[in-house]
Amino acid sequence: MSARHDVTDDDLRRWVRAAGRAPSAHNTQPWAVRVVDGRIEVAVVPDRVLCAGDPSFRDLLLSLGAWVESAAVVAAADGHGLAVEPTPHLDRLEDMPVRGAADPAAPVLVLRPAGTPEPTALTPADVRDRRVHRGTLLPAPDLRASLPPLPAGLRLLQVDDPAMTRLVRLGSAWTASRRAVAAELVRWLRLSPEHPRYTRDGMTDRMLLLPPWLARVAAPLTRRPALHDRALAVAGLVGRAVEAVDRTRPLPPPPAPGAPLAGPQHLVLVAGTPGVHSATETMDARLGLPPADVVDAGRVLQRTWLHAHRAGLAVAPHSEVVDSPHAVAGLRRRLGLRRSAVALAVFSVGRPGTPAPRSPRLTDAAAPAR
Ligand SMILES: Cc1cc2nc3c(=O)[nH]c(=O)nc-3n(C[C@H](O)[C@H](O)[C@H](O)COP(=O)(O)O)c2cc1C
């Protein structure tokens, strides 16, 4: 940590640029951030919110939390804490238009440099270099043993591999068979460098580790409406068939307790302690949790992923498991979750078999990748 000095707006802009490497669902980067008179204002970009895939704003709020945590790590390296204040706009995300640019007059979070940071082992290099890995993940020791304690109300629970395999299939089938959700996913794919947004946002063929022949075949599907519609229709048929079979079958039996992991570890971030939230707060929120709490959970999620990165491990998120009602129901039963508990994120973690490619960012154009 370097010596503290007064924070200038240029420092804040540097933190903002570095935090741009935060993860977000489909790499939408749904934040619009500006520095005004010693504070950082974070607004939401309606065009970058997944209307079909994220109706509860779960992924949006977790992504905002990941952004805040990334900024806090960079600020801490400069010797500064970061006070985070949610604004009333955070509780009124439903009022946001479904299209268009961010409203700078309606920030959802305001961040200000404040005091001394909490001690952390995490560094700006971790924020810069962390990345999701969609290739082979090899077994590794339990990540939870190397994490700082979680805040009250959050738990990281492990789900066994036979259940996870089935839940991922159910979740993927759900995504494929909901046309609007699948179309939205396709809209964020960039399968060829000729895509005009290949170096800015979304998910590239390289990030998804697609073999070059498959990327070449699939790239036109993302661009030409006639092909696109036919591909979605086929995906829908396959998805519905898989869902129809899998949702009626019980999950496979769990492995014997204490059996060593044969592959990656699968973890679920679960929020909610009975009685902690008032009925009004939770009924007002689509997810059953106050939005500010989900932002805080996003901070914990990013902290967890950064600690995994520091330990030489890689993470592969599987939101489809918490998107699909059938998969969530199976997950709840497997983990014995109460009704008040909300499964916010599911991800696998393990030792990466190969290096993972770097994803694009809007902020990379302003500051070339190091
Ligand atoms: C809330 C959230 C949910 C995500 N869900 C998924 C997912 O279901 N599947 C996946 O492959 N990646 C998922 N991701 C990872 C993003 O696609 C990834 O962060 C983004 O493409 C940028 O890539 P990077 O994290 O490697 O920089 C998720 C990320 C966040 C923050």
Side-chain angles (χ1 to χ4, degrees), residues 18-31 44 48-50 53-70 126-135 137 164 167-176 181-182 184-185 187-191 197-210 264 266-269 271 287 291 294-306 308-309 313-324 327-328 331 342-349 352 354-364 369:
R21 291 297 318 166
S24 57
H26 294 3
N27 201 14
T28 47
Q29 305 163 62
W31 42 75
V44 173
R48 296 180 169 276
V49 175
L50 302 169
D54 188 27
S56 66
F57 303 123
R58 183 201 66 219
D59 285 346
L60 168 65
L61 294 165
L62 291 175
S63 303
L64 290 175
W67 192 94
V68 169
E69 185 60 20
S70 306
D126 297 325
V127 171
R128 187 188 64 214
D129 297 335
R130 176 219 58 84
R131 56 196 68 180
V132 155
H133 192 292
R134 296 179 179 83
L137 292 176
M164 181 72 174
L167 296 174
V168 165
R169 199 163 66 208
L170 255 178
S172 310
W174 185 88
T175 306
V181 178
E184 199 171 55
L185 167 64
R187 194 158 72 80
W188 288 95
L189 295 178
R190 282 88 177 95
L191 300 185
R197 305 194 63 83
Y198 195 77
T199 57
R200 298 177 62 75
D201 55 17
M203 292 179 293
T204 65
D205 53 329
R206 295 191 58 229
M207 285 163 67
L208 298 172
L209 305 179
L210 294 189
H266 311 295
L267 293 173
V268 186
L269 182 65
L287 199 54
V294 187
V295 172
D296 284 344
R299 295 191 64 169
V300 170
L301 188 65
Q302 169 71 337
R303 212 175 301 154
T304 303
W305 291 0
L306 289 171
H309 170 79
L313 304 178
V315 162
H318 285 285
S319 303
E320 65 275 19
V321 173
V322 277
D323 288 338
S324 151
V328 174
L331 185 69
V342 185
L344 286 172
V346 177
F347 57 93
S348 304
V349 56
T354 48
R358 188 177 158 93
S359 53
R361 285 296 188 281
L362 295 164
T363 31
D364 286 352

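The chain is numbered in sequence order, starting from 1. Quick caveat: nothing in here was measured; it's all calculated off a predicted structure. First listed ligand is number 1; within each ligand, the first listed atom is number 1.
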Minimum heavy-atom distance between Leu301 and Phe347, given as atom pair plus value = CD1-CE2, 3.7 Å
Going by the atom numbers of ligand 1, which of them fall below 4.0 Å from some non-hydrogen atom of Glu320?
-> 8 (O)
Main-chain N/O of Asp59 paired with Ser63 side-chain donor or acceptor, under 3.5 Å = yes
May I have the step-by-step check of side chain to side chain contact (heavy atoms under 4.5 Å, CB included) for His318 and Ser348, ending in yes or no?
-> CA-CA 8 Å; His318 285 285; Ser348 304; 3.6 Å; yes
Distance-only N or O hit between ligand 1 and Pro317, under 3.5 Å | yes
Does a salt bridge link Arg197 with Asp201, judged by any charged N lying under 4.0 Å from a carboxylate O?
-> yes
Does a side chain donor of either Arg361 or Thr199 reach within less than 3.5 Å of an acceptor in the other side chain?
-> no
Determine, using heavy atoms of Arg361 and all atoms of ligand 1, whether some pair is separated by less than 4.0 Å.
-> yes
re atom 24 (P) of ligand 1, the protein heavy-atom contact at minimum distance is Ser359 OG, 3.4 Å
Could you tell me whether a side-chain N or O of Arg130 sits under 3.5 Å from a main-chain N or O of Arg128, the two making a donor and an acceptor?
-> no
Electrostatic pair Asp364-Arg200, nearest N-O below 4.0 angstrom | no
Are the side chain of Arg299 and the backbone of Gly65 linked by a donor-acceptor contact shorter than 3.5 Å?
-> no
Min N/O separation Arg130 to ligand 1 under 3.5 Å | yes
Just by distance, do the side chain of Arg206 and the backbone of Pro357 share a donor-acceptor pair under 3.5 Å?
-> no
Would you kindly specify which portion of Leu62 sits under 4.0 Å from ligand 1, judged on non-hydrogen atoms: side chain, backbone, both or neither?
-> side chain
In ligand 1, which numbered atoms sit nearer than 4.0 Å to a non-hydrogen atom of Arg131?
-> 26 (O)
Taking only heavy atoms of Met207, which atoms of ligand 1 are found under 4.0 Å from at least one of them?
-> 21 (O), 23 (O)
Ignoring hydrogens and geometry, is there a side-chain-to-backbone donor-acceptor pair from His133 to Thr354 under 3.5 Å?
-> yes
Check side chain to side chain donor-acceptor pair (under 3.5 Å) between Arg58 and all other residues, then give those that pass, not counting sequence neighbours.
-> Asp323
Under 3.5 Å, side chain of Arg190 to main-chain N/O of Arg187, donor-acceptor pair present?
-> yes
Which residue supplies the protein heavy atom nearest to atom 19 (O) of ligand 1, what is that atom called, and how far is it?
-> Pro23 CB, 3.1 Å
State if His133 counts as touching ligand 1 under the rule of any non-hydrogen atom under 4.0 Å.
-> no
Could you list which atoms of ligand 1 come closer than 4.0 Å to a heavy atom of Ser63?
-> 31 (C)
Output yes when the distance from some N or O of ligand 1 to some N or O of Trp305 is under 3.5 Å, and no in every other case.
-> no
So, is Arg134 polar-close to ligand 1, with some N/O to N/O distance under 3.5 Å?
-> yes
Return the residue, atom name and 0.1 Å-rounded distance of the protein heavy atom closest to atom 18 (C) of ligand 1.
-> Ser24 O, 3.6 Å
Report the nearest protein non-hydrogen atom to atom 5 (N) of ligand 1: residue, atom name, distance rounded to 0.1 Å.
-> Ser319 OG, 2.6 Å
What protein heavy atom sits nearest atom 30 (C) of ligand 1, and how far away is it?
-> Ala25 N, 3.6 Å
With a 4.0 Å heavy-atom cut-off (strictly under), which part of His318 contacts ligand 1: side chain, backbone, both or neither?
-> backbone
Atom 26 (O) of ligand 1 sits nearest the protein heavy atom Val132 N, 2.8 Å
If we number the atoms of ligand 1 from 1 as shown, the ones under 4.0 Å from a heavy atom of His26 are 17 (O)
